[in-house]
Amino acid sequence: MLELREVTYRYPGAARPSIAGIELVVEAGEVVGVAGPNDAGKSTLCLVASGLAPASVGGELTGTVMLGGTTTAGRRPHELAGLAGIVFQDPAAQRSGITGTVFEEVALGPVNLGLPVSESIARSRAVLRTLGIEALAERHPARLSGGQAQLVGIASILALRPRCLVLDEPTADLDADGTGLVVEAIRAVARSGVAILLAEHRRDVLSALATRLVVLDAGLVALAGPAAAVLADHRLDELGVRA
């Protein structure tokens, strides 16, 4: 479970907070969508929810962020790895660049946590199977389609066994086929019991995946509720959420 209680965050040197007064709960196995125009605070919310802000980014955080019943306050980045994982828009940005196969790329995280080799192998095989990409195991990570590369990025995070997965516009650079692959993968991850926070511009992706939806505007919650009701709200166009 992911919980944010009265969360406000300001980047180092910023004059005002990028998000303010955020109240949000994502249950295990649930997909909660986050939408809004550029600079609404979606990516900042993702960084805060994953614990990267302020642990890695710095800045000032007030309120409470809980991951699996554990507060992120004072936690170092490596301590958060088993609690939350984040996947960014560009899969190349998350690729290590030091592995020769997809299997090695996925196994790198568990190995870096100091897990036994047998456990690292078992985890890697399991996530490749969950996402339906076992056939990619021997492929080079840099020689994949956009959708395949994004799936490998998701698998690399899932091998750490986080309780919460945060996705920051994972389909933004993908074509229809790649988007379909990622949507199906997210469904499979949710079925496994992982809480998922999904920041997305695209209404079709949000409609396909999200049970609830939060719309941000200038760092504040402008709309929130069941996904179907929010997606039908006429104010979405005014808030910059594309059809």
Side-chain angles (χ1 to χ4, degrees), residues 26 29-38 40 42-43 45-47 49-50 52 84-109 123-160 162 164-192 194-211 213 227 231 236 240-243:
V26 186
E30 184 181 25
V31 180
V32 173
V34 180
N38 291 332
K42 299 188 301 298
S43 292
L45 178 58
C46 288
L47 292 173
S50 67
L52 285 181
I86 186 168
V87 175
F88 297 103
Q89 177 177 327
D90 180 8
Q94 291 196 213
R95 192 167 61 237
S96 70
I98 62 172
T99 61
T101 69
V102 165
F103 189 88
E104 292 172 344
E105 184 74 12
V106 174
L108 188 61
R123 287 190 181 197
S124 301
R125 286 176 175 165
V127 297
L128 290 174
R129 185 167 57 251
T130 297
L131 299 184
I133 54 172
E134 294 165 287
L136 300 180
E138 298 306 316
R139 294 272 296 276
H140 194 285
R143 296 170 186 161
L144 302 171
S145 71
Q148 291 171 335
Q150 193 63 284
L151 293 183
V152 172
I154 294 172
S156 299
I157 296 300
L158 292 179
L160 300 172
C164 176
L165 179 64
V166 179
L167 300 125
D168 188 5
E169 298 191 32
T171 69
D173 295 332
L174 303 182
D175 59 16
D177 289 339
T179 296
L181 291 173
V182 171
V183 166
E184 288 305 314
I186 294 172
R187 284 197 181 113
V189 174
R191 285 195 297 269
S192 73
V194 176
I196 299 177
L197 184 67
L198 171 66
E200 258 294 346
H201 269 302
R202 297 174 52 171
R203 294 192 200 183
D204 58 337
V205 173
L206 291 168
S207 177
L209 291 169
T211 54
L213 185 59
L231 288 169
L236 280 186
V241 181
R242 299 195 304 266

Trace of the side-chain contact (heavy atoms from CB on, under 4.5 Å) decision for Leu198 with Val205: CA-CA 10 Å; Leu198 171 66; Val205 173; 4.2 Å; yes
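- Heavy atoms only, all atoms of each residue included: Leu158 and Leu165 are closest at CD2-CD2, 4.3 Å.
- When all heavy atoms of Val127 and Val106 are compared, the pair lying nearest together is CG2-CG1, 3.5 Å.
- In plain terms, the two heavy atoms of Val194 and Pro162 that are nearest each other are CG2-O, 4.0 Å.
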Enumerate, atom names and distances included, each donor-acceptor pair closer than 3.5 Å involving a side-chain atom of residues 131-142, sequence neighbours excluded.
{"residue": "Arg139", "atom": "NH2", "partner": "Arg143", "partner atom": "O", "Å": "2.9"}
{"residue": "His140", "atom": "ND1", "partner": "Ala142", "partner atom": "N", "Å": "3.0"}

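- The side-chain hydrogen bond (donor to acceptor under 3.5 Å, both in side chains) contacts involving residues 179-190 comprise Thr179-Arg202, Glu184-Arg187, where partners must be two or more places apart or lie in separate chains.
- Without hydrogens or angle criteria, Lys42 side chain to Gly36 main chain gives a donor-acceptor distance under 3.5 Å.
- Of the inter-residue distances, the one linking Leu167 atom CG with Leu209 atom CG reads 9.5 Å to the nearest 0.5 angstrom.
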CA sep, side-chain torsions, deciding dist, call: Thr99, Glu105, side-chain hydrogen bond (donor to acceptor under 3.5 Å, both in side chains): CA-CA 6 Å; Thr99 61; Glu105 184 74 12; 2.5 Å; yes
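- Across Asp175 and Gly178, no two heavy atoms sit closer than the pair OD1-N, 2.8 Å.
- One N or O on the side chain of Ser50 and one on the backbone of Cys46 form a donor-acceptor pair closer than 3.5 Å.
- The CG atom of Leu213 lies 7.0 Å from the CG atom of Leu236; values are rounded to the nearest 0.5 Å.
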Step by step, would you call Leu181 with Leu174 a side-chain contact (heavy atoms from CB on, under 4.5 Å)? CA-CA 10 Å; Leu181 291 173; Leu174 303 182; over 6 Å; no
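- In this structure, Leu197 and Ala49 approach most closely via the heavy-atom pair CD2-CB, 3.8 Å.
- Side-chain atoms of Gln148 do not come within 3.5 Å of backbone N or O of Leu144 as any donor-acceptor pair.
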Let's go through His201 and Asn38 carefully: what are the C-alpha distance in whole Å and the side-chain angles of both, what is the deciding distance for side-chain contact (heavy atoms from CB on, under 4.5 Å) to 0.1 Å, and is it a yes or a no? CA-CA 9 Å; His201 269 302; Asn38 291 332; 3.2 Å; yes
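- Thr130 contributes atom OG1, which lies 12.0 Å from atom CG of Leu151 (distance to the nearest 0.5 angstrom).
- Rounding to the nearest 0.5 Å places CD of Gln94 at 9.0 Å from CD1 of Ile154.
- Taking all atoms of both residues into account, the shortest heavy-atom contact from Ala210 to Gly33 is CB-N, 3.8 Å.
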What's the verdict on side-chain contact (heavy atoms from CB on, under 4.5 Å) for Ile157 and Ile86, showing C-alpha distance, side-chain angles and the deciding distance? CA-CA 7 Å; Ile157 296 300; Ile86 186 168; 5.9 Å; no
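- Listed for the Gln150 side chain is a donor-acceptor partner under 3.5 Å among the backbone atoms of Phe88.
- The CD atom of Glu30 sits 3.5 Å away from the OG1 atom of Thr211 when rounded to the nearest 0.5 Å.
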